[in-house]
Every structure is written in C-alpha cells, then in structure tokens.
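So the structure is just underneath, and the comments pick up after that.
Everything numeric here is computed off the predicted structure, so don't read it as measured data. All chains are named by letter (A, B, ...) in the order of the sequence lines, taking the proteins before the strands, and each is independently numbered beginning at 1. Below, each value reflects all heavy atoms present in this structure, side chains not excepted, and no hydrogens, waters or symmetry copies.
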Number of protein chains: 2
Amino acid sequence: MKRAPQFKRTPQRLAILDYLEGNTSHPSAEDIFRTVSKKYQSMSFATVYNTLNTLAKSGTLRELTIDPERKRYDPDTSRHHHLICVLCGRIVDVPEGVTVDLPGAMAHDFTILGNHIEFYGNCPACKKKRKIP
Amino acid sequence: MKRAPQFKRTPQRLAILDYLEGNTSHPSAEDIFRTVSKKYQSMSFATVYNTLNTLAKSGTLRELTIDPERKRYDPDTSRHHHLICVLCGRIVDVPEGVTVDLPGAMAHDFTILGNHIEFYGNCPACKKKRKIP
DNA sequence: ATAAATGCAAAGCATTTGCAGTAAA
DNA sequence: TTTACTGCAAATGCTTTGCATTTAT
C-alpha cells in the first residue's frame, strides 16, 4: 500500500486557501489566479490547477460543473445546491431543502451516493437592471 | 429586426438528427461524429458542432453539463433529470418526481426558470461487476 | 536528506471560427 | 440566385504535463 503524499504548506497554497476560505463566489481557476497572483507575483497557473486538483481529490474543495465554460470551485463541501443567474452568470448557494429521491423503480436498481440541484433563474440585481418582475 | 435564418435540411444534418432521434445515451460530440461519419465519410467535426449548436439554440436539443470533461447532448427536451454512474460514466434519465423549490426567503428575491437534478451513484451493471450491494 | 511543490513552457483536448467552395431553397 | 451549410485547417480557451529548480519537512 502506497502512503498518501504529504501535503506541504507552501506559501502559494496558503495564499490560495486563504482566498478560498469562506469565499462564496464560486471562482474559476482564472479568478483565483488573478486575485492570488497580485499578492504573489510569481504564482503560476500550473500551481493554481495543481493545488485545486489536490484539494478536490482530498475532499477539501468541491468542483462545480454548473458553468459550461469552465470549472468553478466551492470551498463549502457541505451538502447544498446552486442557482446560476442566466443573465449574469453569478452562482449562488442554495441550502438543502427537501430531500430528493430516485423514483421507486430506479431506487431499487441504482445506488445513490449524492445529488446536486442546479437552479436556473434571474438574480435580484439582474431583475432590477432588466426590470423583470 | 433580422429574420431568423432558414434551417436547411442537409443530408449531414438529417444524419445527425436521425442518430439522435430517440437516443437516450447522452452522446458527446465525438460519439456523434464517430457514428455518423461512418455513414458519411466526409462529415467534419465543425459540422457536428455547428449542427448541435444550432439545434441547442432552437431548443430542439439539450446541452448537458453533468460530465466535467465534455458536453453531452440530449434530444429529449422534456423536463427530466439525470443520474451519472461514477464508475462507468454512463448517464441515465431520471423522470421528474417531486417538485423542488427554492427556500422561501430566496424564492422571494430570485426568479426561477428551471432546475436540473444530478444524481451521482452506481448503475446496476457496475454494482454487479464490482459486487456492490 | 528526501519527498514534494513551483514555475515555465510546451502539449493536450474540446470547441470555435474564417473562409472558399458547395448545395438547399 | 440567394442564403445558408460544409469541410478544412487554423485558432482559441481551459486544463494538464514534463522537467529542472527550489522548498518544506
């Protein structure tokens, strides 16, 4: 059995973790790179991706597929859902409400490990801007 | 006001539509290209993508983002959800069961246009192969 | 000392685009 | 004959990888 590699607390990683801590904006790799590389002018994209992949594999970070253009990252690994504003692309957390299940027939054949609801809609800011009731 | 462009029924498009008709495998662009180009040796990837994008824009086709590696396409545009087997990647249709809503507080501020549930789990074939109960 | 991470540049894929030629309407 | 589509190849954009060097442990 191969032992899991050590996770080294490099300054770059700490800076990324610091940026993600409590962040509810669901940033893309580029968002993270742009912000963190301001403090860390030597930061490279490879490091951002390597770190994100490491964190995702260890379960510290959730990779979202809700944006068809790019991966988004969510430091909140608790069970919750998301809403994407179809006008501005903003992604908002949605607390887990009712429990959703597979229809009985399928529930018998499949094993469910988790689920994720994507809501599509308009956020308050866009409704205001576009005068949508 | 610019009039919507005509949709021309080219043999390539008809072949793609024919392949998608009733198809529940949620194929990627490459799946479609591979199959359709057998009949149509001149078929190009650009044509596949152009057609898929045209169909998606017209609402004839649904683009799925459930697979983080690539877009998948679903000719079934009725309201339903999906289950992805985390072992084999197969995507299976899930009929719409209970209605899911935003929590009351958010429901007041956001306008919801739709939702999509992604279930993650194991399909019967993989359960059998891996002896998962 | 050792194992792992960084940073760079190059490579890898999925997807898009420009354009000249071709075909549907 | 007009308008749109095809096919090619080149371009784009996100993400990954190889490797020499550096750093955390």
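Qualifying side-chain hydrogen bond (donor to acceptor under 3.5 Å, both in side chains) partners for A:Asn115, counting only residues two or more places apart in sequence or in other chains: none. With sequence neighbours left out, B:Glu30 forms a side-chain hydrogen bond (donor to acceptor under 3.5 Å, both in side chains) with B:Arg34. Scanning for side-chain hydrogen bond (donor to acceptor under 3.5 Å, both in side chains) contacts around B:Gln12 gives an empty result, with sequence neighbours left out. The side-chain hydrogen bond (donor to acceptor under 3.5 Å, both in side chains) search around B:Asn53 returns none, not counting sequence neighbours. Partners of B:Phe45 by ring pair (Phe, Tyr, Trp, His ring centres under 6.0 Å), not counting sequence neighbours, listed by chain and number: B:Phe33, B:Tyr49.
Between its opening and closing five pairs, the helix from C:dA1-D:dT25 to C:dA25-D:dT1 changes axis direction by 40°, a value rounded to 10 degrees.
Residue pairs meeting the salt bridge (charged side-chain N to carboxylate O under 4.0 Å, His left out) criterion with at least one partner in residues 75-87 of chain B, sequence neighbours excluded, are B:Arg79-B:Glu96. For residues 7-24 of chain B, no residue pair satisfies the salt bridge (charged side-chain N to carboxylate O under 4.0 Å, His left out) rule, not counting sequence neighbours. Among residue pairs with one or both ends in residues 52-107 of chain B, those qualifying as ring-ring contact (aromatic ring centres under 6.0 Å, His included) are B:His26-B:His82, B:His80-B:His82, B:His82-B:His116; sequence neighbours excluded. Here salt bridge (charged side-chain N to carboxylate O under 4.0 Å, His left out) pairs that include residues 58-69 of chain B, with residues two or more places apart or in two chains, are B:Glu63-B:Lys71, B:Asp67-B:Arg70, B:Asp67-B:Arg72.
Spacing between atom CZ of A:Phe33 and atom P of D:dG13 amounts to 16 Å, rounded to whole angstrom units. Separating the CD atom of B:Gln12 from the C1' atom of D:dA4 is a distance of 12 Å, rounded to the nearest angstrom.
Between the side chains of A:Thr47 and A:Asn50, not a single donor N or O lies within less than 3.5 Å of an accepting N or O.
Chain A approaches DNA chain C over the interval C:dA3 to C:dC8, counting the first and last nucleotide 5' to 3' with an atom under 4.0 Å from its heavy atoms.
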How would nucleotides 14-25 of chain D be written as a contact map, 5' to 3', with B for base contact, S for sugar-phosphate-only contact and - for no contact, using protein heavy atoms under 4.0 Å? SBBB------BS

